[in-house]
Amino acid sequence: MSVDNQFAEQAAQAASSLAQGFGDAFKQLQALQIQPEAWTQLQSDYLRQAGALWNGALGESHDPAQPPAAAPLKDRRFAAPSWNENRLAHFTAQLYLLNARTLQRMAEQVQGDDKTRARVRFAVQQFVDAASPSNFLALNPEAQRLALDTQGESIARGVQLLMADVQRGHVSQTDESAFEVGRNVATTEGHVVFENAFFQLLEYKPLTAKVHARPLLMVPPCINKYYILDLQPENSLIRHAVAQGHRTFVVSWRNPDADCVHWTWDDYIGQAAIKAIEVVREIAGTETINTLGFCVGGTILATALAVLAARGQQPAESITLLTTLIDFSSNGVLDLFVDEPSVRMREMTLGEQAVNGPGLLHGQELATTFSFLRPNDLVWNYVVGNYLKGEAPPAFDLLYWNGDATNLPGPMYCWYLRHTYLQNELCIPGRLTVCGEPIDLGKITAPLFIYGSREDHIVPWDAAYRSTQVFKGKKRFVLGASGHIAGVINPPEKKKRSHWIGKGTALPADERQWLENATEHPGSWWTDWDQWLAGHAGALKAAPRAPGNRAHPAIEPAPGRYVKQRA
């Protein structure tokens, strides 16, 4: 058999193999409502491109090990030289990319309401990413060459890594043995000065001789753990705040277990956020404090301050909201997972009225959901590296934190899903009653610093911006580059990324209008926040010599016990 005939046979087999998987997807999409003229055009374009691809692949009479005449593959999954040097691998990747583009075009043509079409697009993208030939040893020439070069050792290592991950219950994204909370992450010096069943309150040792009169309380998300704000000394927002002369307190949430299944949203507000505000005021001896909430921590903080406002109390001198949802009218890809049937199912299985009693939403389920929002970066990249190539992932503090999952009590989680994501009631004055109070966020008088990240896929920046239309106090909105975490954790010393600040104080309802008039500034947004926060922090005074006070003495060194509890 000639080289060309052998290649043609192998290419036909590869095409047939890919067609089996993609064929079912094509049929399922075809069964949905697509306009006949659009379907005809898709068929015509596909047949034309597939024919050109086949003729181009057969038109060369090179040895299969030589590079094909076609242009190098641009997709980073096929960036290794092996994909361009091997004619069959190159053809397989090209055919996959053609099929993927066609499926995505078909998904765009599906008729239906916006949510249905978005769900189809998401499902198609998940299938397309999973079906990449790079994910399979039989189709990945880079992994095959590595197996030959190592005499099978890479495959043996991959099997070992796979077995270890099966025991862990998740795909490893980093070398988890390289980190330990309190040893080389979450190391800023401090003490636990209060604790109850819901949280520990950490107070950090001053780094300056004098501190501002008003303390700063940070409320991190209860999804994952607080030390995203304190990974390493050089990228710790907590340490940065302390170094700026702020007496800094941080909520460290308990990782719920079977004893916590009955906890509600009201518990998180009344017995955690409001209690933390009270204790910080008592320790510092001030009427008002500066507050910061990150992600769902910001939603919790805003709700707590609304409850206190309903009681005639205004304990916040200022509020900082980092990538926080308040108006849940449009939240990007997360909206796809929330509708009445899905929320009702959660309520029946985990909520207060669940048939078998309330339960826990286990942390690994949440972690997996968030990973599949970016599957190529957070799932398949590690499947290929860990299992096909046998390469253990490198140590990375942020990914260690990302894998340190937290549970959520079912009743709290179900309330949050229904009243925010599904029914968007938090921003409607008087619609919700929390801790016995009808809440109105517009009654909070404190000035706000509102931050959004431009490439955020969890809290899209336009969703973060909508908070400017809800609160009535003085507001400042700043937009940072990058995503949900990297945009927030961006210390000035790194001199990375940039941020945008609007012209004047105008905050129009249309976020695009704001962006058109905003100015881009190089580097971190932290410096802008520093100046803003200092204006609300009060005069400088001698730093306290010891953490807490007589009523709230130090209990144990930071980071405390709660953050070390594993899901």
Side-chain angles (χ1 to χ4, degrees), residues 218-221 228-229 235 237 240-241 244 290-299 301-302 318-335 370 373-374 377 398 427 441 444 446-536:
M218 295 185 179
V219 182
I228 186 58
L229 300 172
N235 64 0
L237 182 59
H240 177 82
Q244 295 296 310
N290 292 306
T291 61
L292 177 149
F294 181 16
C295 189
V296 69
T299 310
L301 173 64
S318 75
I319 306 167
T320 298
L321 298 179
L322 306 179
T323 60
T324 292
L325 287 169
I326 297 296
D327 178 344
F328 288 73
S329 57
S330 176
N331 312 296
V333 69
L334 287 179
D335 283 342
F370 284 120
L373 298 182
R374 293 169 54 202
D377 293 332
L398 193 153
C427 61
L441 297 175
I444 300 171
L448 289 98
F449 184 102
I450 300 170
Y451 168 86
S453 289
R454 193 164 185 175
E455 286 83 42
D456 195 338
H457 63 291
I458 296 175
V459 181
W461 83 266
D462 59 315
Y465 180 86
R466 286 198 300 272
S467 296
T468 63
Q469 309 302 303
V470 176
F471 296 96
K472 305 304 181 186
K474 292 182 179 179
K475 299 174 287 283
R476 181 175 184 80
F477 181 80
V478 173
L479 178 64
S482 196
H484 189 67
I485 299 300
V488 172
I489 308 304
N490 183 26
E493 293 77 14
K494 299 289 186 179
K495 297 181 179 179
K496 295 175 67 176
R497 307 184 185 95
S498 58
H499 60 282
W500 289 260
I501 297 174
K503 184 178 181 180
T505 60
L507 292 167
D510 188 339
E511 73 281 352
R512 294 168 297 182
Q513 184 179 344
W514 177 89
L515 186 58
E516 288 175 0
N517 295 316
T519 301
E520 183 176 2
H521 300 266
S524 173
W525 61 270
W526 288 14
T527 53
D528 183 78
W529 177 65
D530 289 341
Q531 296 177 7
W532 181 88
L533 186 60
H536 301 285

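Owing to the predicted nature of the structure, the values given are computational and were not obtained by experimental measurement.
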- request: I would like to know whether Val488 and Trp525 meet side-chain contact (heavy atoms from CB on, under 4.5 Å); could you show each step before the answer?
  value: CA-CA 8 Å; Val488 172; Trp525 61 270; 4.2 Å; yes
- request: Give the C-alpha distance, both sets of side-chain angles, the deciding distance and a yes or no for side-chain contact (heavy atoms from CB on, under 4.5 Å) between His521 and Val478.
  value: CA-CA 11 Å; His521 300 266; Val478 173; over 6 Å; no
field: Step-by-step side-chain contact (heavy atoms from CB on, under 4.5 Å) determination, Leu448 to Trp532
entry: CA-CA 10 Å; Leu448 289 98; Trp532 181 88; 5.5 Å; no
task: For side-chain contact (heavy atoms from CB on, under 4.5 Å), just list the numbers for Thr519 and Ile501, CA-CA rounded to whole Å, side-chain angles, deciding distance to a tenth of an Å, and then say yes or no.
output: CA-CA 5 Å; Thr519 301; Ile501 297 174; 5.8 Å; no
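For Arg374 (side chain) and His457 (main-chain N/O), no donor-acceptor pair under 3.5 Å exists by modelled atom type. Between the side chain of Asn490 and the backbone N or O of Ala486 there is no donor-acceptor pair closer than 3.5 Å. Using modelled atom types, no side-chain atom of His240 and backbone atom of Asn235 make a donor-acceptor pair closer than 3.5 Å. With Ser524 contributing its side chain and Pro491 its backbone, the two residues share no donor-acceptor pair below 3.5 Å. Using modelled atom types, no side-chain atom of Glu511 and backbone atom of Ala463 make a donor-acceptor pair closer than 3.5 Å. A donor-acceptor contact shorter than 3.5 Å links the side chain of Glu455 to the backbone of Ser482.
Listed here is the closest heavy atom pair of Thr324 and Ser467: O-OG, 4.0 Å. What you find for Thr527 and Pro492 is that their closest heavy atoms are CG2-CG, 3.8 Å. Nearest heavy-atom pair, Leu229 versus Ile489, reported as atom, atom and distance to 0.1 Å: CD2-CD1, 4.3 Å.
Within the 4.5 Å cutoff, the side chain of Ile319 has heavy atoms near those of the Leu301 side chain. Annotation: side chain of Pro220 is not in contact with side chain of Ile228 (no heavy-atom distance under 4.5 Å). A 4.5 Å side-chain heavy-atom check between His484 and Cys295 finds at least one atom pair inside the cut-off. Side-chain contact between Leu237 and Leu322 is present, with heavy atoms from C-beta onward closer than 4.5 Å. The side-chain heavy atoms of Phe294 and Met218, taken from C-beta on, include no pair separated by under 4.5 Å. Two residues are said to be in side-chain contact when any heavy atoms from C-beta on lie closer than 4.5 Å; Thr323 and Ile458 fail this criterion.
The structure places CG of Leu325 at 10.5 Å from CG of Leu321, a figure rounded to the nearest 0.5 Å. Rounded to the nearest 0.5 angstrom, Leu515 CG and Tyr465 OH are separated by 10.0 Å. For the atom pair CG of Asn290 and CG of Leu533, the computed distance is 5.0 Å after rounding to the nearest 0.5 Å. Distance CD/Glu520 to CG/Leu479: 9.5 Å, rounded to 0.5 Å. In this structure, Gln531 CD and Trp526 CH2 are separated by 15.5 Å, a value rounded to the nearest 0.5 Å. In this structure, OG1 on Thr299 lies 9.5 Å from CG on Leu441, to the nearest 0.5 angstrom.
Listed by first and then second residue, the salt bridge (charged side-chain N to carboxylate O under 4.0 Å, His left out) pairs that reach into residues 468-496 are Arg476-Asp528, sequence neighbours excluded.
Ring geometry, Trp529 versus Phe449: the interplanar angle exceeds 60°, so the pair is classed perpendicular (tilted spans 30 to 60°). Between Trp514 and Phe477, the angle of the ring planes goes over 60°, which puts this pair in the perpendicular group of the 30/60° scheme.
The salt bridge (charged side-chain N to carboxylate O under 4.0 Å, His left out) test applied to Asp530 returns no partner, not counting sequence neighbours.
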